[in-house]
Participant: 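This is the structure, below, for whatever I ask next.
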Amino acid sequence: MDSAYEYGVLGAGEFRVLRLIRAEQGDDDLKCRLDRVRLSDRPPASYYALSYVWGSGAASESIKVVGDNNNNNNKTVKITETLSKCLKRYRLADADLVLWVDQICINQQDLDERSAQVQIMGDIYRNAASVLAWLGEDPGGSCLALAQFLGDMHLGANGEPDIDCFVRNHLPEAKSPKWEALDALLGLPYFSRVWVMQEVILGRKVSFRWGADLGFDLTQLRALVSAADRAGTSELFFSSVGTVGIHRAMVLTNPPQERRFEDVMIRVAHRHASNPRDRIFAVLGFVDDRPGIVPRYDTPVRAVFTDAAMQVIAQRKNLDILSYVSYPVSHAPDPAKWPTWVPAWDYPISPFIVKSGASTTDLDRFAMPCLDAENHSLGVRGRPFGRIEFLGMTPAGRSDFAQATRNYTAEKIWEAWKFASAFEPTRKRYGPFFLDMFLSSILGGWAEDDRDKLASDHSVNDKIFRDFAAFWADVLARTVRWIQDDPGDPVPFVKERIVLAELLAVRFKDKHIPQDNNNNNNSAPPPVDDWRSELANDAQCAEIRTELLGKMEQKFDGPAADFVSRELSYFYHDADWVRVSEIWDHAGSTHAIFALSDGRLGIGPLIMEKTDVVVALNGGRVPFVLRPTDGGYVFLGACYTAGCIHENLVVSQEEEMFQLR
C-alpha cells in the first residue's frame, strides 16, 4: 500500500503545478509529478488551471505522485471521485499535461498554506495559459441537443456568433430538446459554485467540457446565454429554461466592468460554498478595491464575516455595508447565532439607491464605530427619528382580498395612501409636497424629495407622476380582472381608488404649487380644467380603451366594463407604467411601508414591528431600523424615509450610543 504524499513548505509567491502523466488507456491509474514554481518566474510557468466541482463525497480516490522537487516518489494524494473522473477525461495519450489543481497542488491539511494560497489564487488563474472548466458527466444525454443548439449559431464579421441573426431566425420552438439541454447545462452544480466566478472571469481563455465529447468556449456560452436572455420575454422561453441558471451564467459571460467588493458579494448570494468562509475569500482575487481582508481558515466563521464588515467600514469611512443586511420574513435575527449587523451574504438584496453626495448623516464627521471583539457587537452613535406609528401590509399579513387577487400591490398602496393622507403629522410635515413625498417614500427615493428643488422647479416630478398614475391604473385593471371568486361590482372599487391617479394627473397637468408657509394641510394643488377632454379624441387613448374594454368584457357586464375601461384608459397615454412597476418591485414591493410618530413616511425591512425604532447612525447614508433588546439593539436593516438623504445630520459624540448586537 502506497504511503501518503508529504508536502514540502512553499515559499512566498510559490505554488505547485502537477504534470499529469500520459496514459494510453482511459482507466489506467492516475500518476503525476508535482513541481514548485513562482509567480515571478520569467518566463512564467506554462500550465492550465482546472475549474471544477469538488463534489460532496469524501476523498475516496487517489493519484500517485511519481516525483517532485525533493525526489518524493511513489506516494499518493487522496482526491474526490469527481476529480478523478475529470483528470481521466483530460489526460492525454501521447503527452503529459501540466495543470494547476487546487485539491492536489495545495496541501489541504495545512490551514496556513491554504490561507496563503488563496491570496494568490487570482494570479494563478490570471496567468494560466487557459482555464479548463470541467462541467461533469452527462447522464441525461443532453450534450447532443446542446451541440445542435451551438451548431445553429453562425459567426459574424467579428468572428463571434451572430446573436442578432440567431434570435431572429434560429430560436428553437417551445418544446424543443435544445431548450431542455440548455436548461440542463445551466442547472449543473458547476454554475452555482462561488469559486467559479474568479476562475472564469480572470482566465485569459476558458474552454468548457461536458461529458465525453462536448466542448465549447466562453464566447459560445456567452452567445447561448445572451440569445436566451434576449428571448426571455417570450412565453416559450420561460416555459422551458430556469431563470436562476441564466442569471448565474450571465455573471460569468458578461461580468461587470467595475467590481466593488459589495457589488460582487451581492452576486454570490445564490452560490454554493462548502466552507462558508469561502463566500468571502473566493472574491478577493478579482474585486477592484480589495479591503484589508486576510484569508484565515483557522478563524471562526463569525469572526471572518465580522472582520470583513469592519474592514469595509474602515476603507469606505461610512456604514454603507450595513445596507446589505437583509432577512427574509421567515427568519428572525438572533444575535446569539450571528451578529445581526453583519451581512451574511446568503440572501440577495438590492440596497437603496442613494444620489451621489447625498446622505442622512454628515459623512465628513464620520467616526469609526467600536467593535466588541468578544461578542461581535458594534457601538455606533446615532440620533433616533422615532418609533413606528403605522406599519403597512407584508406578505405574511396580506388580507383575504389581497390573497384572492393573487397580488397585494393594490391593497398595500391603497392602505398606505389612506393612512398617510389622513395622518395629521404627515400632512403637516410635508405640506404642499405631500404627493412628492408619498411617492418618494414608497419608491425608495426615485421621486425627487429635496424640498429646495421642488420649490424651485415645479415640474421636476412630472414624469414620475405621469408614470405612476398609469402604473396605478394598471394595478387596478389587473386587480379587478384577477379576482378569483365573485368579483361583484368593480365600479365602486375603481371609483374609490382611482382618486390617487387623478391627483397625480392633475399635478403634472398643473405646474402651480401653492407656496405654503403656514404648513396647511393641502395635499394637492387646486383642480384644473378637465384634462380628460384633451384626450377624448386621441387615437392612442382610444386604442388603449378598446384593449381594456375587450379584457373587461370577459368578466363584467357592458356598463361595468365600459366604466372601468373608460376611467383607466386616460392614464396610460404617453406614460411608462412598466418603468414604475420595475421600481416598485425593487422598493415598495419588497419592503414594508411605515410611518413614524413625527409623520415621516418610508419603507423598511419586511420583518419590522411597531415596537422598532428608526435611527440615523453616524456614517449612514440612509436611516436604519433597530429593535430594542437586552443589552442593546437587534439590527434589522436599512430603510428609506422621504427626504432623509438631504438631512446631512451631524451626529456628535454626545449623541446616544447604540450597541448593535
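Everything quoted here is computed from the prediction, not taken from an experiment.
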Participant: Do the side chains of Arg621 and Asp320 get close enough for a salt bridge, i.e. N-O under 4.0 angstrom?
Facilitator: yes

Participant: For residues Tyr52 and Tyr90, establish whether the separation of their ring centroids is below 6.0 Å.
Facilitator: no

Participant: Quick one: does any side-chain atom of Thr299 pair with a main-chain N or O of Val304 as donor and acceptor, under 3.5 Å?
Facilitator: no

Participant: Salt-bridge test for Glu113 and Arg16: reply yes if a basic N is under 4.0 Å from a carboxylate O, no otherwise.
Facilitator: yes

Participant: Decide yes or no for Glu61 and Leu30: does some side-chain heavy atom of the first lie under 4.5 Å from some side-chain heavy atom of the second?
Facilitator: no

Participant: Test your reading of the model: is there a side-chain donor-acceptor pair from Asp217 to the backbone of Gln220, 3.5 Å cut-off?
Facilitator: yes

Participant: Between Tyr5 and Ile63, is there a donor-acceptor pair closer than 3.5 Å when you use the side chain of the first and the backbone of the second?
Facilitator: no

Participant: So, taking the atom named CG in Leu132 and the one named CD in Glu199, what distance separates them when rounded to the nearest 0.5 Å?
Facilitator: 11.5 Å

Participant: Checking the side chain of Arg259 only, and the main-chain atoms of Val283 only, is there a donor and an acceptor separated by less than 3.5 Å?
Facilitator: no

Participant: Applying the ring pair (Phe, Tyr, Trp, His ring centres under 6.0 Å) criterion to Trp338, which one of Phe635, Tyr327, Trp345, Phe305 satisfies it?
Facilitator: Phe305

Participant: Pick out which of Asp94, Asp28, Asp96 makes a salt bridge (charged side-chain N to carboxylate O under 4.0 Å, His left out) with Arg22.
Facilitator: Asp96

Participant: Checking Gln103 side chain against Thr80 main chain: does a donor-acceptor pair fall under 3.5 Å?
Facilitator: yes

Participant: Between Glu137 and Arg89, does at least one N-O distance fall below 4.0 Å, as a salt bridge requires?
Facilitator: yes

Participant: Tell me if the aromatic rings of Tyr190 and Trp134 count as close, with their centers under 6.0 Å from one another.
Facilitator: no

Participant: Can any side-chain N or O of Ser192 pair as donor or acceptor with the backbone N or O of Pro189 at less than 3.5 Å?
Facilitator: yes

Participant: Just by distance, do the side chain of Ser130 and the backbone of Tyr48 share a donor-acceptor pair under 3.5 Å?
Facilitator: no

Participant: What do you reckon, is CZ of Arg38 surrounded by more than 12 foreign heavy atoms closer than 6.0 Å?
Facilitator: no

Participant: Can you tell me how the ring of Trp179 sits relative to the ring of Phe149, calling it parallel under 30°, perpendicular over 60° and tilted otherwise?
Facilitator: perpendicular

Participant: So, does Gln117 use its side chain to make a donor-acceptor pair with the main chain of Glu14 at under 3.5 Å?
Facilitator: yes

Participant: Tell me, with the steps shown, if Asp289 and Arg316 meet salt bridge (Lys or Arg N to Asp or Glu O under 4.0 Å).
Facilitator: CA-CA 10 Å; Asp289 54 351; Arg316 303 280 186 264; 2.5 Å; yes

Participant: If the threshold is 4.0 Å, N to carboxylate O, is there a salt bridge linking Lys31 and Asp29?
Facilitator: no

Participant: Examine distances only and state if a side-chain atom of Trp210 and a backbone atom of Gly215 form a donor-acceptor pair shorter than 3.5 Å.
Facilitator: no

Participant: Test your reading of the model: is there a side-chain donor-acceptor pair from Tyr125 to the backbone of Leu50, 3.5 Å cut-off?
Facilitator: yes

